[in-house]
Amino acid sequence: METTNFLQEILKILLVALIAYISYYYYKYFTRENPLPGPFPLPLIGNLHQVLKNGSFDVSKFQTKYGDLCEFYTCSKRFILLSNDDLVQKIMKPTINSPFHNRVNDDNEGLEEIGLLNTGLAFNNNYDNWLFHRRFYAKVMMSTSFIKQSVIVAQNSFIEMEKYWNDLGEDTIIEFNHWMKRYFFETIFIISTNNRAYAFANHYNKVTKNEKLSLPESVLKESNTFVESINVVVQSLQYFFILPRIVLYLPIIERYTKYLKGRVYWVRYNVNDIIKSRREEISKTPIDQKLKSDILTMFLTVNTERDITERIADDLHDEPMSDKDVQRNFIEIMGAGIDTSSNSICFLVNFLENNPKAKQRMIEEIERVLGKDPNSSFTFEDLSKLEYVEAVIKESSRIRSVIPLIFKTNSVPEVIGSYKWSKGTCFGLNFDGIQKQKSFWKDPEKFNPDRFMDNPDSKKKVYMFGGSLRSCPGRNLAMVGLKATLVMLYRKYDIELLGSLKEHIGMIRTCDELKVKLRKRKNVNI
Ligand code: HEM
């Protein structure tokens, strides 16, 4: 009897708390600043049930239903969705001290929970610290010598991948998205560390009917977990960005939160090991002997007596980079570079195979610029001459942007869309919608790379690499990586699509399935 009364009291308290929470939730909703059209939110989840459909974070339906300036909620967080170019112009201006510099607010609990707030670049709100890292990226990753080197690395990784394809035989179904993920992992890992990642081996062993590669089990396992964990870390960013701490630790959800956190910590732990052994290598290298010139060594030596970056830092930033900063930057390069590039290639191949005229024109340009020998190597300068290939990449990105939505927040009150917004408002820039704006693009759904040939206006309207001072610092690397990969694929192979491409939208638009058969074209030796 006593227990029943006790339970009744608990239920009453819970009911009162629930009513208080719901009343507060809707009080905030009905008194919100500048009410805009948008779906009606539910307590605790907001519009998550409408945003997340079949595992995809898709806001395009809100633009269709509520217009170019509308709103939606994830839990109690309000987002202002901007879906035309005029609305985002001010935010994307590359202005020093722009009030729209940050992507997230300082109180983002989820990102803090996984230690990603205010370190590295992407979620760093500390302008001074961001600037130090950003200068590093700008001077190293945008430099011509670095890009030239990465063209060589990409060719070598591709040749390695082809050996596996060759062994598998032309009748094997190639799961293109899996191979591309590993190819870009291998390439970016080598660029970053000068060491191999053995990223293909595990996948090859999984799919081959031939003899398996005889690498030590520990190497295979570690490289595979690395590839998969980087992917999980990228996908989990949105989860931690959107959900408040209280929701992250609700029963049921808590298990998933812990799984994701475990992966983040696994990556961190392993990157720490990589850093430690490189530090040892540096300290054992005699002072008169040249150090390796990769990104990791640059991170570790900047502002030290062994600085190989030719002192890229300025007088304001004369401290060496801490291990924690190196670790976060390293993870960011892998996280930001691999999935974006590998998914881009999948969408590109899908477009090209469904548009034979564009494909033919692209192959003609490649053969005109690089010659007809499909096995000859090429340089960064050769790739720079491939204008139509670049147009193909931009057009694919316009229709199937791999980052379809980015977030920005204002540090002072600002006017957007004729409304004045308090500081800390979250804006979602809907590139998917902006890049298909009917008033600017003729037949926006049509794949037509010609719109980028001799048309400087159209270049401005594609946000493949974002904008503002925070536009992608890996854009030169990404562009040569994509061009080099298209060249190597289409000079050598006829591609047969087996079924349609499957995708979902998370932080990144991800190709979940693209099955192909690859047949060598005439004159190709591997
Ligand atoms: C096809 C490949 C890629 C695409 C489509 C892409 C796209 C983007 C976009 C849209 C942004 C947001 C920009 C903004 O907020 O305005 C971004 C930021 C960023 N990207 Fe990329 N990216 C690619 C490859 C890379 C690579 C290869 C790296 C590094 C190796 C990289 C590193 C970064 C970093 C560190 C940021 C954050 C910059 C900051 O906050 O200052 N990305 N990227």
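Remember, it's 1-based here, ligands and their atoms both numbered in the order they're listed. Just so we're clear, the structure is a prediction, and the values are computed from it rather than from any experiment.
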Protein heavy atom at shortest distance from atom 13 (C) of ligand 1: R470 O, 3.3 Å
Residues which pass side chain to side chain contact (heavy atoms under 4.5 Å, CB included) with S83, listed by chain and number, not counting sequence neighbours: Q63, D68, L81, N430
Expected output: side-chain K461 to main-chain R398 donor-acceptor under 3.5 Å: no
Sub-3.5 Å N/O-N/O distance, K408 and ligand 1: yes
Six-ring centre of F185, R182 cation under 6.0 angstrom, axis tolerance 45°: no
Residue pairs fulfilling side-chain hydrogen bond (donor to acceptor under 3.5 Å, both in side chains) with at least one residue in residues 109-118, sequence neighbours excluded: E113-R245, E113-Y249, E113-K261
Donor + acceptor pair across side chains of Q149, S293 (<3.5 Å): no
Region of E332 engaging ligand 1 - heavy atom pairs below 4.0 Å: side chain
Lys/Arg N to Asp/Glu carboxylate O, E365 vs K385, below 4.0 Å: no
Inter- and intrachain pairs under ring pair (Phe, Tyr, Trp, His ring centres under 6.0 Å), touching residues 381-411, at least two apart: F79-F407, F241-F407
Donor on one side chain, acceptor on other, D339 and N231, under 3.5 Å: yes
Atom 21 (Fe) of ligand 1 neighbourhood, protein N/O/S only, threshold under 2.8 Å: C472 SG
Short N or O distance, Y463 and ligand 1, threshold 3.5 Å exclusive: no
Residue, atom name and distance, where the atom is the protein heavy atom closest to atom 29 (C) of ligand 1: M141 CE, 3.4 Å
Atom 1 (C) of ligand 1: the protein heavy-atom neighbour that sits closest, reported with distance to 0.1 Å: S344 OG, 3.5 Å
Side-chain H-bond candidate by donor/acceptor type, D323 with Q327, under 3.5 Å: no
Ligand 1 atoms in contact with I406 (distance to a heavy atom under 4.0 Å): 14 (C), 15 (O), 16 (O)
Selection from R134, H133, M479 by shortest heavy-atom distance to atom 38 (C) of ligand 1: R134
Protein heavy-atom partner closest to atom 7 (C) of ligand 1 - residue, atom, separation in Å: M464 O, 3.4 Å
Top protein contact for atom 12 (C) of ligand 1, by heavy-atom distance: R103 NH2, 3.6 Å
Geometric N/O contact S341 with ligand 1, under 3.5 angstrom: no
Polar side chain donor-acceptor pair, R278 to T297, under 3.5 angstrom: yes
Per-residue contact class, L121 against ligand 1 - non-hydrogen pairs under 4.0 Å: both
Flag, side chain of T193 to backbone of N195, donor-acceptor distance under 3.5 Å: yes
Criterion ring-ring contact (aromatic ring centres under 6.0 Å, His included) on Y127 and W130, from CA distance to verdict: CA-CA 5 Å; Y127 186 82; W130 170 84; 5.5 Å; yes
